[in-house]
Amino acid sequence: QVQLVESGGGLAQAGGSLRLACAPSGRTLSRYAMSWFRQAPGKERTRVASISTTGISTYYSDSVKGRFTISRDNGKNTVYLQMNSLKPEDTAVYYCAANLGGAPSRWSEYDYWGQGTQVTVSS
């Protein structure tokens with residue numbers, strides 16, 4: 001069983017930056033495609049960014065493209081989400097997810113999930 005642990009959330013001002021990290025306990029992440037999702041109150045959980053096992057291929061939602069960067073360090077067994085130029089609408093709980101069979105768009109198709117970390121952006 002893999003447990004994913006997110007860290008790095010918190011409070012930021014609009015225009016500021018935060019970096020989220022996701023690390024597993026119990027297993028290496030190198031064989032898993034990884035994604036970050038987010039869920040704001042009253043809204044669906046949506047995919048923000050994904051990265052392939054090698055890190056060569058990435059995906060970004062239109063809402064974060066050009067502002068967020070997903071990366072992974074397989075040596076440190078950690079996946080990151082660098083968030084720049086934050087906006088109040090980025091406020092949400094952010095979740096990392098791991099999947100052996102690529103990076104689907106629906107959260108329900110992932111093998112493992114973290115507990116989430118809160119990101120709050122003030123205007």
Side-chain angles (χ1 to χ4, degrees):
Q1 186 69 20
V2 176
Q3 288 186 318
L4 302 178
V5 180
E6 301 97 338
S7 61
L11 178 65
Q13 290 188 335
S17 298
L18 286 172
R19 188 175 80 156
L20 306 183
C22 172
S25 60
R27 192 167 296 182
T28 179
L29 286 179
S30 61
R31 297 172 57 218
Y32 293 82
M34 300 295 297
S35 293
W36 287 94
F37 285 72
R38 68 185 180 187
Q39 187 169 20
K43 295 188 177 180
E44 292 185 351
R45 192 174 299 189
T46 58
R47 184 170 60 145
V48 172
S50 298
I51 190 166
S52 62
T53 55
T54 61
I56 292 176
S57 297
T58 57
Y59 160 86
Y60 297 96
S61 68
D62 288 343
S63 60
V64 306
K65 198 173 295 182
R67 300 189 297 121
F68 290 12
T69 302
I70 188 170
S71 62
R72 66 191 302 160
D73 185 335
N74 286 338
K76 294 183 178 179
N77 212 25
T78 303
V79 176
Y80 303 97
L81 185 68
Q82 178 67 44
M83 305 185 295
N84 298 329
S85 303
L86 283 163
K87 303 176 180 180
E89 50 263 44
D90 294 320
T91 296
V93 178
Y94 284 71
Y95 301 87
C96 70
N99 193 60
L100 270 178
S105 60
R106 294 193 299 180
W107 66 269
S108 58
E109 296 181 40
Y110 282 74
D111 296 322
Y112 302 108
W113 281 96
Q115 293 298 309
T117 185
Q118 176 71 46
V119 171
T120 302
V121 183
S122 63
S123 58

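Listed by chain and number, the residues in a side-chain hydrogen bond (donor to acceptor under 3.5 Å, both in side chains) with T120 are Q118 (sequence neighbours excluded). For D111, there are no side-chain hydrogen bond (donor to acceptor under 3.5 Å, both in side chains) partners at least two apart in sequence or on another chain. Contacts of K43 classified as salt bridge (Lys or Arg N to Asp or Glu O under 4.0 Å), with partners at least two apart in sequence or in another chain: none. Under the salt bridge (Lys or Arg N to Asp or Glu O under 4.0 Å) criterion, R106 pairs with E109, not counting sequence neighbours. Partners of N99 by side-chain hydrogen bond (donor to acceptor under 3.5 Å, both in side chains), not counting sequence neighbours: none found. By the salt bridge (Lys or Arg N to Asp or Glu O under 4.0 Å) test, R19 is found to be paired with no residue, residues two or more places apart in sequence or in another chain being considered.
Smallest separation of non-hydrogen atoms from A40 and A92: N-CB, 3.8 Å. Residue A49 comes nearest to Y60 through the heavy atom pair CB-CD2, 3.7 Å, listed as atom of the first residue, atom of the second, then distance. Nearest heavy atom pair, residue S85 against residue S17, reads N-OG, 4.4 Å. Closest heavy-atom contact between I56 and S52: N-OG, 3.4 Å. Heavy atoms only, all atoms of each residue included: A103 and A33 are closest at N-CB, 3.9 Å. Nearest approach of Y110 to S35, heavy atoms of both residues: OH-OG, 2.6 Å.
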message = Is there a side-chain contact (heavy atoms from CB on, under 4.5 Å) between V119 and L20? Walk through the geometry before answering.
response = CA-CA 9 Å; V119 171; L20 306 183; 4.0 Å; yes
ask   = Could you walk me through whether L100 and R31 pass the side-chain contact (heavy atoms from CB on, under 4.5 Å) check?
value = CA-CA 6 Å; L100 270 178; R31 297 172 57 218; 4.0 Å; yes
message = Run L86 and F68 through side-chain contact (heavy atoms from CB on, under 4.5 Å) and show every step you take.
response = CA-CA 9 Å; L86 283 163; F68 290 12; 4.0 Å; yes
message = Between L29 and L4, does the side-chain contact (heavy atoms from CB on, under 4.5 Å) criterion hold? Intermediate values first, please.
response = CA-CA 10 Å; L29 286 179; L4 302 178; 3.9 Å; yes
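No donor-acceptor pair under 3.5 Å is formed between the side chain of Y112 and the backbone N or O of Q3. Not a single donor-acceptor pair under 3.5 Å links the side chain of Q115 to the backbone N or O of V5. Using a distance-only test at 3.5 Å, with no hydrogens or angles considered, no donor-acceptor pair links the side chain of W107 to the main chain of A97. Using modelled atom types, one side-chain atom of T78 and one backbone atom of K76 make a donor-acceptor pair closer than 3.5 Å.
Residue pairs meeting the salt bridge (Lys or Arg N to Asp or Glu O under 4.0 Å) criterion with at least one member in residues 44-57, sequence neighbours excluded, do not occur. Under the disulfide bond (SG atoms under 2.5 Å apart) criterion, the residue pairs touching residues 3-107 are C22-C96, with sequence neighbours excluded. Sorted by first then second residue, the salt bridge (Lys or Arg N to Asp or Glu O under 4.0 Å) pairs that include residues 88-98, not counting sequence neighbours, are R38-D90, R67-D90. Counting only residues at least two apart or on different chains, no ring-ring contact (aromatic ring centres under 6.0 Å, His included) pair has a member in residues 80-100. Judged as a disulfide bond (SG atoms under 2.5 Å apart), not a single pair has a partner in residues 29-83 (not counting sequence neighbours).
Side-chain contact between S7 and T117 is absent, with no heavy atoms from C-beta onward closer than 4.5 Å.
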Show the atom names and distances, to 0.1 Å, of all donor-acceptor pairs under 3.5 Å that link a side chain in residues 8-16 to residues at least two apart or in another chain.
none

